[in-house]
Amino acid sequence: DAEITQSPRHKITETGRQVTLACHQTWNHNNMFWYRQDLGHGLRLIHYSYGVQDTNKGEVSDGYSVSRSNTEDLPLTLESAASSQTSVYFCASSEWGLGEAFFGQGTRLTVV
Amino acid sequence: AQTVTQSQPEMSVQEAETVTLSCTYDTSESDYYLFWYKQPPSRQMILVIRQEAYKQQNATENRFSVNFQKAAKSFSLKISDSQLGDAAMYFCAYTGTASKLTFGTGTRLQVTL
């Protein structure tokens with residue numbers, strides 16, 4: 001069965017360190033997204049990609065970057081982790097015209 | 001930019017009763033989808049129901065149905081015969097031509113005996 005997986009599920013890191021969260025999908029979807037979930041804010045879009053070599057900033061992109069070298073993967077990098085980036089991160093994928101997005105299990109990141 | 005508003009941070013319903021969760025949205029697009037996602041304590045995002053804007057008929061999935069009022073930009077979720085397993089956070093979401101999901105802030109639903 002097709003799926004979308006995130007790793008790690010949980011991570012604790014120190015302020016100032018670079019951190020990369022992995023996202024891998026086997027749906028063969030062109031569209032991939034990274035969201036962060038915080039209490040009182042719902043899920044907010046960090047970065048997204050419509051295909052290989054395409055990346056775009058979302059509403060809360062400062063301090064994050066992504067790259068898309070193949071269809072299956074969209075890793076999210078925190079260049080210098082800050083306590084404000086403590087959150088739950090979700091990766092999602094979708095295909096044009098279908099509307100529905102499929103989500104990974106989420107990564108809980110704690111920056112200490 | 002599109003916005004989605006959920007004005008009920010928490011709701012409570014007794015088992016077997018019916019509850020309605022509210023959602024309003026704002027958009028200038030004519031072609032879009034609306035969704036309700038359920039997030040139980042496991043954190044998994046589970047699609048409950050979807051509605052295409054061009055369809056006048058309200059979507060229904062078993063005990064879940066929506067009241068889609070396009071002119072009023074309202075999209076409420078009705079859960080009938082509530083069960084303990086319905087307890088979760090519920091998110092209303094919008095996607096349009098850009099294929100990006102915009103979420104509301106969520107409604108936490110408690111189900112009591």
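Order of the sequence lines fixes the chain letters, A, B, ..., with proteins taken first and strands second; residue numbering starts at 1 for each chain.
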Surrounding [atom1] of [X] (heavy atoms of other residues, nucleotides or ligands, distance under 6.0 Å), is the total greater than 12?
X: A/Q18; atom1: CD; answer: yes
X: A/I12; atom1: CD1; answer: no
X: A/R9; atom1: CZ; answer: yes
X: A/N70; atom1: CG; answer: yes
X: B/R108; atom1: CZ; answer: no
X: B/K70; atom1: NZ; answer: yes

Relative to chain A, which segment of [X] carries a heavy atom at a distance below 4.5 Å: side chain, backbone, both, or neither?
X: B/L47; answer: side chain
X: B/Y37; answer: side chain
X: B/T95; answer: side chain

Is B/Y25 linked to B/I49 within one hydrophobic cluster, defined over Ile, Leu, Val, Met, Phe, Trp and Tyr using a side-chain heavy-atom separation of less than 4.5 Å?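 Yes, same cluster.
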
Under 4.5 Å between side-chain heavy atoms, counting indirect links through other Ile/Leu/Val/Met/Phe/Trp/Tyr residues: same cluster for B/M89 and B/I79 or not?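 B/M89 does not cluster with B/I79.
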
Gap between atom CD of A/E100 and atom OH of B/Y33 - 0.5 Å precision: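 Interatomic distance, B/Y33 OH to A/E100 CD, rounded to 0.5 Å: 10.5 Å.
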
Kindly compute the distance separating OG1 (B/T102) from CG (A/L45), expressed to the nearest 0.5 Å.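 One finds 7.5 Å between OG1 of B/T102 and CG of A/L45.
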
Closer than 3.5 angstrom, by distance alone: can the side chain of A/Y48 be matched with the main-chain N or O of B/S99 as a donor-acceptor pair?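 A pair under 3.5 Å: no.
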
Measure the shortest side-chain to side-chain distance between [X] and [Y] over non-hydrogen atoms and say whether it is less than 4.5 angstrom.
X: A/L43; Y: B/M45; value: yes
X: B/R43; Y: A/F90; value: yes
X: B/Q39; Y: A/F103; value: no

Looking only at heavy atoms and a cut-off of under 4.5 Å, which of A/Q37, A/E59, A/R44, A/H41 has the most pairs with chain B?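 Option with the greatest count: A/Q37.
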
Atom of A/A101, atom of B/L101 and distance for their closest heavy-atom approach: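 Nearest heavy atoms, A/A101 then B/L101: CB-CD1, 3.5 Å.
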
